[in-house]
Protein chains: 2
Amino acid sequence: MRKLYHPQVDEINLSTVLYALSDEIRLQIIKSLADHGEQACNQFDIPLPNSTLSHHYKVLRESGVTHTRIEGTQRFVSLRYDDLNVRFPGLLQAVLQGLEPRA
Amino acid sequence: MRKLYHPQVDEINLSTVLYALSDEIRLQIIKSLADHGEQACNQFDIPLPNSTLSHHYKVLRESGVTHTRIEGTQRFVSLRYDDLNVRFPGLLQAVLQGLEPRA
DNA sequence: TCAATCATTCGAATATTTTCGAAATAACGA
DNA sequence: TCGTTATTTCGAAAATATTCGAATGATTGA
């Protein structure tokens with residue numbers, strides 16, 4: 001695995017993105033990225049086997065929600081905030097706001 | 001079936017809503033409701049068996065995305081636009097905008 | 001080259017979803 | 001009450017997703 005697949009902005013599909021965001025674990029990942037910015041895979045504090053997490057990173061990446069950068073043996077994941085905002089303005093913001101605990 | 005289950009506003013769950021909206025058929029239904037307002041089940045122009053459509057109406061209704069009103073032998077479906085906007089401001093609008101054909 | 005580290009892929013079990021025909025339900029009007 | 005209309009539920013098949021241990025791959029530093 002030299003290169004990881006990332007859809008181009010134009011290829012990002014609405015139902016695929018919504019699907020990627022419809023899972024509690026993946027929402028946790030997104031929330032963590034929104035709060036802390038780019039993070040290495042081993043910095044997420046989610047108590048699940050790596051193989052399971054890796055699956056979720058892949059779903060998020062292939063849907064166009066996240067970008068994964070390789071550096072050494074690590075993978076750095078970030079939100080494709082601007083790309084998503086071009087393709088689906090306001091969507092990610094609304095989802096992130098929906099993740100905030102209610103008053 | 002005298003009463004249909006509808007979650008209260010407070011019970012509407014983000015990942016459940018996103019999941020409901022992550023299917024192309026259900027997005028078609030949502031789009032039609034956004035364009036035409038409340039519609040009877042038999043007014044959607046979607047060429048699928050009734051049992052399949054009924055399943056999708058149920059997923060949308062039970063997630064809190066739509067409301068179904070019984071009148072005679074018909075069911076009238078509408079978007080819970082205001083309720084969703086209270087619970088997840090901007091989300092539905094962003095999704096509907098994302099359904100518009102791109103320039 | 002070896003071992004350590006970080007993460008992905010494989011493969012198989014389990015779980016969930018989607019689909020749709022057939023049967024059931026409910027309301028209405030003749 | 002009977003037939004018609006509108007829709008849901010049931011049940012079962014097919015498709016898809018999730019989970020996780022074990023194996024694999026890639027990079028780094030000794």
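So that the names make sense, note that chain A is the first sequence line, chain B the second, and so on, each numbered from 1.
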Using side-chain heavy atoms (C-beta onward) and a distance below 4.5 Å, is Arg26(B) in contact with Tyr57(B)? no

ILVMFWY cluster membership beyond Val9(A) - transitive side-chain contacts under 4.5 angstrom: Val86(A)

Length of the line joining Lys58(A):NZ and dT18(D):P, which is rounded to integer Å: 12 Å

Counterpart residues, side-chain contact (heavy atoms from CB on, under 4.5 Å), relative to Asn42(B) (two or more places apart): Ala40(B), Gln74(B)

Taking only residues two or more places apart in sequence or in another chain, which ones pass side chain to side chain donor-acceptor pair (under 3.5 Å) with Ser32(A)? His36(A), Gln39(A)

Calculate the interatomic distance between Leu53(A) atom CG and dA17(D) atom C1'; express it in whole Å. 16 Å

Between Thr68(B) and Phe76(B), is there a side-chain heavy-atom distance shorter than 4.5 Å? no

Whole angstroms only, please: what is the CD-C1' distance between Gln74(A) and dA26(D)? 13 Å

With His67(A) via side chain to side chain donor-acceptor pair (under 3.5 Å) - residues at least two apart: none

Take the protein atom CD1 of Ile29(B) and the nucleotide atom C1' of dT7(D), then report the distance between them rounded to whole Å. 14 Å

Side chain to side chain donor-acceptor pair (under 3.5 Å) filter on Asp83(A), not counting sequence neighbours, yields Arg80(A)

How would you list, by chain and number, every residue that makes a side-chain contact (heavy atoms from CB on, under 4.5 Å) with Ser54(B), sequence neighbours excluded? none

Arg61(A) CZ to dT8(C) P: how many Å, rounded? 7 Å

Residue list, side chain to side chain donor-acceptor pair (under 3.5 Å) with Glu24(A), at least two apart or on another chain: Ser15(B)

How long is the line joining OH of Tyr5(A) and P of dT9(C), in whole Å? 15 Å

Let me know the distance between CG of Asn50(A) and C1' of dT9(C), rounded to the nearest Å. 13 Å

Qualifying residues under ring pair (Phe, Tyr, Trp, His ring centres under 6.0 Å), relative to Tyr19(A), sequence neighbours excluded: none

Contact list for DNA chain C against residues 35-44 of chain B - heavy-atom distance below 4.0 Å: none

Taking distance alone, no hydrogens or angles, what donor-acceptor pairs closer than 3.5 Å link side-chain atoms of residues 95-103 of chain B to residues at least two apart or in another chain?
| residue | atom | partner | partner atom | Å |
| --- | --- | --- | --- | --- |
| Glu100(B) | OE2 | Lys31(B) | NZ | 3.4 |
| Arg102(B) | NH1 | Asp10(A) | O | 3.2 |
| Arg102(B) | NH2 | Asp10(A) | O | 3.4 |

Would you kindly give the CZ-to-P distance between Arg69(A) and dT27(D), to the nearest whole Å? 15 Å

Let me test you: for the helix from dT1(C)-dA30(D) to dA30(C)-dT1(D), what is the angle between the axes at its two ends (five pairs each), rounded to 10 degrees? 10°

Report yes if at least one side-chain N or O of Ser54(B) is closer than 4.0 Å to OP1 or OP2 of dT8(D); otherwise report no. yes

Base, backbone or nothing for each nucleotide of nucleotides 17-22 of chain C, written B, S, -, heavy atoms under 4.0 angstrom, 5' to 3'? SSBBBB

